Amino acid sequence: MCSARRFASASSPGYWIPGNVLRVTSSLDPPGRVLIPKDRIAARVRELGERIKLDYEGRSLVLLVVLKGSFVFASDLAREIDLPLSVEFLGVQSYGDSTDSSGVVRITLDLGRSIEGEDVLIVEDIVDTGLTSRYILDQITARKARTVKLCSLLHKPARTVAPVQIDYLGFTVEDVFIVGYGLDVGQRYRNLPDLHVLE
Ligand code: IMP
Ligand code: MG
């Protein structure tokens with residue numbers, strides 16, 4: 001039997017084994033219970049892709065991937081949308097501590113080209129207070145896209161500060177902090193295949 005005791009801190013997650021220090025720095029070290037398993041996510045992503053395909057039939061689409069949180073969701077979603085599409089990335093960072101957003105948003109990576117006159121679908125990981133999505137919607141609308149819609153994997157309605165219309169939604173969740181499938185806490189856990197509650 002391994003007598004490893006779990007310890008974790010922001011700077012040194014890992015395991016302590018008496019007489020030895022084994023640092024398990026993998027972010028696959030599960031943070032808490034699975035909220036939504038990968039099979040359910042995949043099924044929902046497939047449904048969203050089919051609906052998007054039907055709604056945009058005959059048009060081409062710009063998938064605007066909001067970094068970093070939506071990179072996993074967007075890469076799965078893109079492969080479920082059977083339409084001509086291009087992918088653009090927008091990097092944003094909302095100021096605040098690791099589990100709370102302040103609503104003050106900074107663009108860390110801007111679009112590489114004009115989206116004027118195009119049908120743009122913004123892909124978000126989660127709409128929490130809604131402040132980040134509100135800011136991005138305003139930015140993209142100001143750049144004269146032909147249409148702008150929002151797709152989000154998750155929505156936490158209990159936390160709404162700025163209401164936004166989510167045109168395509170994966171799952172509604174309770175007021176818990178979620179990691180995995182692209183979502184992080186302090187940049188960790190993005191590579192977990194399932195969505196977990198941080199406990
Ligand atoms: P907002 O509060 O809707 O502006 O959300 C801002 C950002 O906070 C989201 O895009 C996520 O990156 C992050 N965020 C909010 N809730 C969670 C969560 O439960 N897990 C991980 N990140 C979150
Ligand atoms: Mg984040």
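Just so you know, ligand 1 is whichever comes first in the structure, and atom 1 is the first atom listed for that ligand. Just so it is clear, the model here is predicted, and its values are computed rather than measured.
Residue contact check for ligand 1: Val105 places no non-hydrogen atom closer than 4.0 Å to it. Look at Lys68 and you'll find every heavy atom at least 4.0 Å from all atoms of ligand 1. Ligand 1 lies nowhere less than 4.0 angstrom from a heavy atom belonging to Val179.
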Exercise. When you look at Asp110 and Arg143, which way does the salt bridge (charged side-chain N to carboxylate O under 4.0 Å, His left out) test go after all the steps?
Worked result: CA-CA 12 Å; Asp110 209 342; Arg143 295 181 193 197; 2.9 Å; yes
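The local environment of NZ in Lys68 is sparse, with at most 12 non-hydrogen atoms from other residues, nucleotides or ligands closer than 6.0 Å. In the displayed structure, Asp138 atom CG is contacted under 6.0 Å by more than 12 heavy atoms of other residues, nucleotides or ligands.
Here CD1 of Ile126 is found 4.5 Å from CD1 of Ile178. Values are rounded to the nearest 0.5 Å.
At least one N/O-N/O distance between Asp125 and ligand 1 falls below 3.5 Å. Residue contacts with ligand 1: Ser133 is placed with no nitrogen or oxygen under 3.5 Å of a nitrogen or oxygen of the ligand (distance criterion only).
The heavy atom nearest to atom 2 (O) of ligand 1, out of those in Thr129, Leu195, Asp184, is found in Thr129. For atom 3 (O) of ligand 1, the choice among Ala162, Gly69, Gly130 with the nearest heavy atom turns out to be Gly130. Taking all heavy atoms of Ile136, Ile126, Leu67 into account, the minimum distance to atom 9 (C) of ligand 1 is reached by Ile126.
The shortest heavy-atom contact between Ile136 and Ile122 is CG2-CD1, 3.8 Å.
Counting atoms of ligand 1 from 1 in the listed order, those under 4.0 Å from a heavy atom of Val176 are 19 (O).
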Could you pull out all donor-acceptor pairs under 3.5 Å where a side-chain atom in residues 45-58 meets a protein atom, sequence neighbours excluded?
{"unit_1": "Glu47", "atom_1": "OE1", "unit_2": "Arg44", "atom_2": "NH1", "d": "2.6"}
{"unit_1": "Arg51", "atom_1": "NH2", "unit_2": "Asp167", "atom_2": "O", "d": "3.3"}
{"unit_1": "Asp55", "atom_1": "OD2", "unit_2": "Tyr168", "atom_2": "OH", "d": "2.6"}

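Both Leu64 and Val105 sit in one connected hydrophobic cluster of ILVMFWY residues. Membership requires side-chain heavy atoms under 4.5 Å apart, directly or through other members.
With Glu118 as reference, Arg113 is the one residue of Arg113, Lys149, Lys144 to meet the salt bridge (Lys or Arg N to Asp or Glu O under 4.0 Å) rule.
Using a 4.0 Å cut-off between heavy atoms, Leu183 contacts ligand 1 through its side chain alone, with no backbone atom that close. Within the 4.0 Å heavy-atom criterion, the part of Lys156 lying near ligand 1 is the side chain and not the backbone.
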